[in-house]
A.B. asks: 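I'd like to ask some things about the structure below.
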There are 2 protein chains.
Amino acid sequence: MRQNAEKSGPKKPATMRDVARHAGVSVATVSRALDGSSLVTEETALVVRRAVAKLNFVPNISARTLKYGQSHAIGVIVPDLTNPFFSEFLREFEALASANGQVVLLANAEASVGGALTSVRQLLMRLVDGVVVLPSLDELEPYQLLTLRKVPTVAIDSRRTGPCFSDVSLMHEEGMRQAIGYLKDLGHRKIAFIGGSSGLMISKLRLDAFQASLKMHGITVRHEYVRYGNYRADGGDRELRNLMLLADRPTAVIGVNDLTALGALRAARTLNISVPNEISIVGFDGIELDDLVSPSLTTMSVSRKLIAQSCHGALEEMRVGRNGLGRQLYIPVELIVRQSTGRPLRKMTKSR
Amino acid sequence: MRQNAEKSGPKKPATMRDVARHAGVSVATVSRALDGSSLVTEETALVVRRAVAKLNFVPNISARTLKYGQSHAIGVIVPDLTNPFFSEFLREFEALASANGQVVLLANAEASVGGALTSVRQLLMRLVDGVVVLPSLDELEPYQLLTLRKVPTVAIDSRRTGPCFSDVSLMHEEGMRQAIGYLKDLGHRKIAFIGGSSGLMISKLRLDAFQASLKMHGITVRHEYVRYGNYRADGGDRELRNLMLLADRPTAVIGVNDLTALGALRAARTLNISVPNEISIVGFDGIELDDLVSPSLTTMSVSRKLIAQSCHGALEEMRVGRNGLGRQLYIPVELIVRQSTGRPLRKMTKSR
DNA sequence: CTCTAAAATGTATCCGGTTACATGCAAACT
DNA sequence: AGTTTGCATGTAACCGGATACATTTTAGAG
């Protein structure tokens, strides 16, 4: 009793029946005592709780999941954890989930072949209560599988809703209008855009918003000012260099996300092109890094916390009231002006 | 048959028995057919696979977990996802896990009271195959619980091993020796250190290494040159300002991690203190950002991939061969010299 | 054509927590 | 005393996949 409360090695975790035996009651009583809620003598409950403590009993969630068909786990499909936008989102979302007694199952979408589909299948096997799809996938199959199973799903920027499928979209159009209006007011007319890989939804949405906003402000859209990066800094770096090779250089450039813009910023620095005098740079996301670089990055910021809350809320709503259709939510975008933008230098340029 | 292969809404996912019925065989046959391995006619297997496809059957992992007591899930306890060091690690680790058919269960350690303990309990309930503890927790209780359950665990920089408990440590001492040797060669004698919150293991280890290395190089340790931040940029920013208030300023400062150093870099920029002329700054981690700022950050870099591989390897080793003791692994640290370090300005200073 | 061995398939049970239903037992009322 | 009410507890079945063991089918040998 002194040195080894349990005999030898507790290889197998204690089960409820072990607790029941130890407490001299039945499993049902143990279960009820642990629920706290129901009808068990305080006395009995105490005995049970003591047995639980002594045996270090931890309930086996699989058994519960098996019975109820839900695991209190939420799958999150992330394209690239390295992107601060996603990791910042994940932190917020995880906090919400764990406050709700749910755990987060991480699934990567970058795995080679059929990555997303495999991830989705993994999540389905584990009977997740819901799924968050962070990049909007272009493939439809993973979505269909989720819908078929009626697993509450929320996607970011998919601009699509359906049964058990909600969407949380950023107001790109609004943000882009602000940003371009701001640049125009500063005197910019030659504004370029560095997107992500051309196919992806998010890049397309932001590019569309970019072009629409230019038109709205009466600025001509020039195809040579539209480039495609990769959502990472090196893509932004590369494409800014390409833009600088043009005879008629843009005076401002907008990145599809902050990493792209930060890459562009670095390229400008390396090329000894002054920011914002020779070129203004604007990002999109509002990651914490923006304020760590010099000049700090002007960006269209969107609250990660709000996105996370919206996603979690939408999932819960679909989960509890299994009433078919999902929701379409919009998240505001706010232009944050920092040091990477300013008036363009008035120097001789071909008037086009 | 045309418009609705399954009648009405497939509320409940198809089970193996559904597949068996549909294929006109028994559950055992279905199970074997899906294993592929065993003794089933190719013909039968085909019928089964067709039924699986038609019913969109996905096995229920909980049932398997219940039977075997292992879930093919690995818990990762992270202190702050926002720190690129952790998110970069997580990306690498997730890739390894998913290549091994495991999923990653995210657990945060920042949750208010008893955060880590609650997280650990959650993971135990889910019968994780292993746990990675990223920050070395100072509390012992969570560890004890894991050890009691014989869940393979690997911690970073805990410098402690035991039954079912491995450690992966960075070679701080080695890195610090390199860094300080390098700074000394440049002519620095007044070197400061900005740690994290004073109590935490990782800060303590690096501070100890810092002080030991200074001594080794015959440089006196000055207590006013040791400050405590918070592992984030704002802490580094704040503490660099404090250091600059000293009458006898240091000429170089080493951050406990890169975020701290980047914060210090920003503070120097804001204060119009030239880096590296007036102050050299060195970080620790080697995050991708280091190259995005200007001047780019000199740092003691450690391969996230190698850490992830070591962690995963150690877990697997403990899992398959349940042979008691864990391992102690060391990860090399490499000094990467960039623009934030250089010779100190030779100007009049109080000779102390 | 029969018998036997091997191959293919079926049946039933286990894993552990929950809960409908059954049982027990005491106080309260007729 | 007998009976009802109601609370406390026990018993057993269920969830779904795996598998030891039982049973059937098939093939090959005599």
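For clarity, every value in this text was computed on a predicted model and none was experimentally measured. Just so it is clear: chains get the letters A, B, ... in the order the sequence lines come, proteins before strands, and each one is counted from 1.
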A.B. asks: Mind checking A:Thr44 for me? I need base, sugar-phosphate or nothing, with any heavy atom below 4.0 Å counting as a touch.
C.D. replies: sugar-phosphate
A.B. asks: Would you check if the side chain of A:Thr41 reaches a backbone N or O of A:Glu43 as a donor-acceptor pair within less than 3.5 Å?
C.D. replies: no
A.B. asks: Between the side chains of B:Arg319 and B:Glu316, is the shortest nitrogen-to-carboxylate-oxygen separation below 4.0 Å, so that they form an ion pair?
C.D. replies: yes
A.B. asks: A:Leu66 has an atom CG; how far is it from atom C1' of C:dG17, in whole Å?
C.D. replies: 9 Å
A.B. asks: Under a 4.0 Å threshold between the charged nitrogen and the carboxylate oxygen, would B:Arg304 count as salt-bridged to B:Glu92?
C.D. replies: no
A.B. asks: Expressed in angstrom and rounded to an integer, what is the separation of B:Lys67 atom NZ from D:dG17 atom P?
C.D. replies: 13 Å
A.B. asks: Less than 4.0 angstrom between a side-chain N/O of A:Ser31 and OP1 or OP2 of C:dG17, yes or no?
C.D. replies: no
A.B. asks: With no hydrogens and no angle check, is any side-chain donor or acceptor of B:Asp80 less than 3.5 Å from a backbone partner on B:Thr82?
C.D. replies: yes
A.B. asks: When you get a sec, tell me which of C:dG17, C:dC21, C:dT9 is the closest nucleotide to the side chain of B:Arg32?
C.D. replies: C:dT9
A.B. asks: Please evaluate residues B:Thr153 and B:Cys164 with respect to the criterion side chain to side chain contact (heavy atoms under 4.5 Å, CB included), reporting the C-alpha separation (whole Å), side-chain torsions for both, the decisive distance (0.1 Å), and the verdict.
C.D. replies: CA-CA 6 Å; B:Thr153 304; B:Cys164 278; 5.9 Å; no
A.B. asks: Closest approach to the side chain of A:Arg64, judged atom by atom: which nucleotide of C:dT11, D:dG16, C:dG17 is it?
C.D. replies: C:dG17
A.B. asks: Please round to 10 degrees the angle between the axis of the first five pairs and the axis of the last five pairs in the helix from C:dC1-D:dG30 to C:dT30-D:dA1.
C.D. replies: 70°
A.B. asks: Please work out if B:Val25 contacts a base, only the sugar-phosphate, or nothing of the nucleic acid, heavy-atom cut-off 4.0 Å.
C.D. replies: sugar-phosphate
A.B. asks: Closest approach to the side chain of A:Tyr68, judged atom by atom: which nucleotide of D:dC21, D:dG17, C:dT18 is it?
C.D. replies: C:dT18
A.B. asks: What is the distance, to the nearest angstrom, from the CD1 atom on B:Ile61 to the C1' atom on D:dG16?
C.D. replies: 12 Å
A.B. asks: Roughly, in whole Å, what's the span from CG in A:Leu124 to P in D:dG16?
C.D. replies: 15 Å
A.B. asks: Quick check for you: among C:dT19, C:dT9, C:dT11, whose closest atom lies nearest to any side-chain atom of B:Thr29?
C.D. replies: C:dT9
A.B. asks: Does A:Thr15 make a side-chain N or O approach to OP1 or OP2 of C:dG16 shorter than 4.0 Å?
C.D. replies: no
A.B. asks: Separation of A:Arg17 atom CZ from C:dG17 atom P, in whole Å?
C.D. replies: 7 Å
A.B. asks: Please check the phosphate of D:dT9 (OP1 and OP2 only) for any side-chain N or O of A:Thr41 closer than 4.0 Å.
C.D. replies: yes
